[in-house]
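Sequence lines set the chain letters: A, B, ... in the order given, protein chains first and strands last, and positions in each chain run from 1.
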Protein chains: 2
Amino acid sequence: MTKLLKIGELAKLSQVSVETLRFYETQGLLSPKTRSDSGYRFYSVDDQQRLQFILHAKKVGFALQEIKRLLSLKTDSSQHTCEEVKNYTGVKIREVEAKIHDLQTMKQALDSLHQACCGGKESADHCTILNSLGDPELFSRHSSANAH
Amino acid sequence: MTKLLKIGELAKLSQVSVETLRFYETQGLLSPKTRSDSGYRFYSVDDQQRLQFILHAKKVGFALQEIKRLLSLKTDSSQHTCEEVKNYTGVKIREVEAKIHDLQTMKQALDSLHQACCGGKESADHCTILNSLGDPELFSRHSSANAH
DNA sequence: ATAAACCCTAAAGTCTGCTATAGAGTCAAG
DNA sequence: CTTGACTCTATAGCAGACTTTAGGGTTTAT
């Protein structure tokens, strides 16, 4: 019997537009727990958490359809065999690991840039490590095919 | 005097289409080092590395315009003040850290799913940890506004 | 009891990031 | 010296992820 949220309330809390929420519903990503007699959407705390997952996954580069599939592992578990789940999660784990690796590399480049930079008003070409972003060694390995 | 690559060669090596490379040029992301008299594009090893950076950044959810800006720190260093660079990199570092955090959380959820799952032919609702993806604790903190 | 604020659907429009098409020039191999 | 693979520009088209518009109900605060 916890509080249910109207679409505008959820939107505000989650920093998305109400239109986006309605759009996600058409895409089968997030449906409100219930509707009022007049058709108003009411979202539960679970719905809110599901939305957080969607937003975080999106932020790190997953497409909505991918996210839908990730979520379906939870939602429709009886529809999948263990074998399927094992294979799919295995693939996704490697994908996530590659993304983490790329981000760590990028962070290093940004860190060295940030530290080398005096932060003053003068032109940034005195920051000799600006080239850190272009270091040949940085991203040279594991140029895996893009899963798209 | 190292080898220069024609567009088709770079495309094949980098696993993108030639059209994508021409498109990136129109967007100011990647221009070939030189052109032949007849207009053929010729890409250097530096260009190739720049492309790798673009592709990796894209994979982890940066928009092309963001990537352009990241690259401009390197390319047009004399156009930026140290102050600017310091501020911008500071922001981006925090953004990257948040992405890494999200991915690590996601990896944990996928890992527990993967391990709990027997991998057999039976229905996956026997994998009781399927709920790991929906753990309330997972993404509940740091619901930062999306930088868009 | 009425106006402001909020919600609904349906459909069209927008922006990003490509992808495809058309028409033509270039280049390497036989 | 021609044929087939490759390249060029310019333009149109497309998929994904929203956003806006139009027209109309619902709630709630005064």
Side-chain angles (χ1 to χ4, degrees), chain A residues 3-44 47-48 50-71 145-148, chain B residues 3-44 47-48 50-71 145-148:
Chain A
K3 175 112 200 282
L4 294 177
L5 298 169
K6 279 195 288 184
I7 195 167
E9 296 169 328
L10 177 60
K12 196 159 204 177
L13 274 176
S14 309
Q15 312 254 57
V16 296
S17 72
V18 294
E19 291 79 18
T20 299
L21 293 177
R22 288 197 275 248
F23 172 70
Y24 285 172
E25 189 173 351
T26 70
Q27 303 304 295
L29 273 128
L30 180 71
S31 300
K33 176 164 194 185
T34 56
R35 293 262 193 153
S36 72
D37 290 350
S38 53
Y40 278 32
R41 293 166 177 83
F42 284 99
Y43 295 90
S44 66
D47 293 337
Q48 197 184 237
R50 191 178 168 99
L51 176 58
Q52 282 309 305
F53 180 85
I54 294 168
L55 297 178
H56 285 288
K58 212 168 69 73
K59 197 167 76 182
V60 294
F62 285 100
L64 295 188
Q65 288 316 300
E66 268 302 313
I67 297 171
K68 185 176 173 182
R69 206 173 158 201
L70 282 165
L71 284 167
N146 237 333
H148 66 153
Chain B
K3 175 114 199 279
L4 294 176
L5 298 169
K6 280 195 289 186
I7 196 167
E9 296 169 328
L10 177 60
K12 196 160 204 176
L13 274 175
S14 308
Q15 312 253 56
V16 298
S17 72
V18 292
E19 291 80 17
T20 299
L21 293 177
R22 288 196 275 249
F23 173 70
Y24 284 171
E25 190 173 350
T26 69
Q27 303 303 295
L29 274 132
L30 179 70
S31 300
K33 176 164 197 186
T34 56
R35 293 262 193 153
S36 72
D37 290 351
S38 52
Y40 278 32
R41 292 165 177 83
F42 283 99
Y43 295 91
S44 67
D47 293 336
Q48 195 185 338
R50 191 177 169 101
L51 176 58
Q52 283 309 304
F53 181 85
I54 295 168
L55 297 178
H56 285 287
K58 213 168 66 73
K59 197 166 75 182
V60 294
F62 285 99
L64 294 188
Q65 288 316 300
E66 266 303 313
I67 297 171
K68 184 176 174 182
R69 207 174 157 202
L70 282 165
L71 284 167
N146 236 333
H148 66 154

Check: Could you state the interatomic distance from CD (A:Gln48) to CG (A:Leu30), rounded to the nearest 0.5 Å?
Finding: 10.5 Å
Margin query: Both B:Gln27 and B:Tyr40 contact DNA chain C. Which one's nearest nucleotide lies toward the 5' end?
Written below: B:Gln27
Note to self: Tell me the interatomic distance from A:Ile7, atom CD1, to D:dC18, atom C1', rounded to whole angstroms.
What the structure shows: 14 Å
Note to self: Please find the pair of heavy atoms, one from B:Ala11 and one from B:Ser17, that lie closest to each other, and give the distance.
What the structure shows: CB-C, 4.0 Å
Note to self: Quick check on contacts: within residues 28-39 of chain A, what sits under 4.0 Å from DNA chain C by heavy-atom distance?
What the structure shows: A:Arg35, A:Gly39
Note to self: So which atom in A:Leu4 and which in A:Glu9 form the shortest heavy-atom distance, rounded to 0.1 Å?
What the structure shows: O-OE1, 4.1 Å
Next item on the list: To the nearest Å, give me how far apart NZ (A:Lys59) and C1' (D:dA17) are.
Entry: 18 Å
Checklist line | Whether B:Glu66 side chain and B:Ala63 backbone form a donor-acceptor pair below 3.5 Å | finding: no
Checklist line | Step-by-step side chain to side chain contact (heavy atoms under 4.5 Å, CB included) determination, B:Gln52 to B:His56 | finding: CA-CA 6 Å; B:Gln52 283 309 304; B:His56 285 287; 3.7 Å; yes
Notebook entry, point to check: Between D:dC6 atom C1' and B:Leu10 atom CG, what is the distance in whole Å?
Noted result: 15 Å
Item checked: Student check: side-chain heavy atoms of B:Lys68 and B:Leu64 closer than 4.5 Å -> no
Checklist line | Rounded distance (Å) that lies between atom C1' of D:dT27 and atom CZ of A:Phe42 | finding: 10 Å
Notebook entry, point to check: Do A:Tyr24 and A:Leu51 pass the side chain to side chain contact (heavy atoms under 4.5 Å, CB included) test, and can you show the C-alpha distance, the side-chain angles, and the key distance before you say yes or no?
Noted result: CA-CA 9 Å; A:Tyr24 285 172; A:Leu51 176 58; 4.1 Å; yes
Checklist line | Nearest non-hydrogen partners of A:Arg50 and A:Leu71, listed with the distance | finding: NH2-CB, 3.7 Å
Check: Quick one: A:Glu9 CD to D:dT27 P, roughly how many Å, whole number?
Finding: 14 Å
Next item on the list: Determine the minimum heavy-atom distance between B:Phe42 and B:Lys6, stating which atoms define it.
Entry: CE2-CG, 3.3 Å
Margin query: Any side-chain N or O of B:Lys6 below 4.0 angstrom from OP1/OP2 of C:dC27?
Written below: no
Check: Roughly, in whole Å, what's the span from NZ in A:Lys58 to P in D:dA17?
Finding: 8 Å
Item checked: Residues within residues 18-26 of chain A bordering DNA chain D, heavy-atom distance below 4.0 Å -> A:Glu19, A:Thr20, A:Phe23, A:Tyr24
Next item on the list: Using only side-chain N and O atoms of A:Arg41, determine if any of them is under 4.0 Å from OP1 or OP2 of C:dC7.
Entry: no
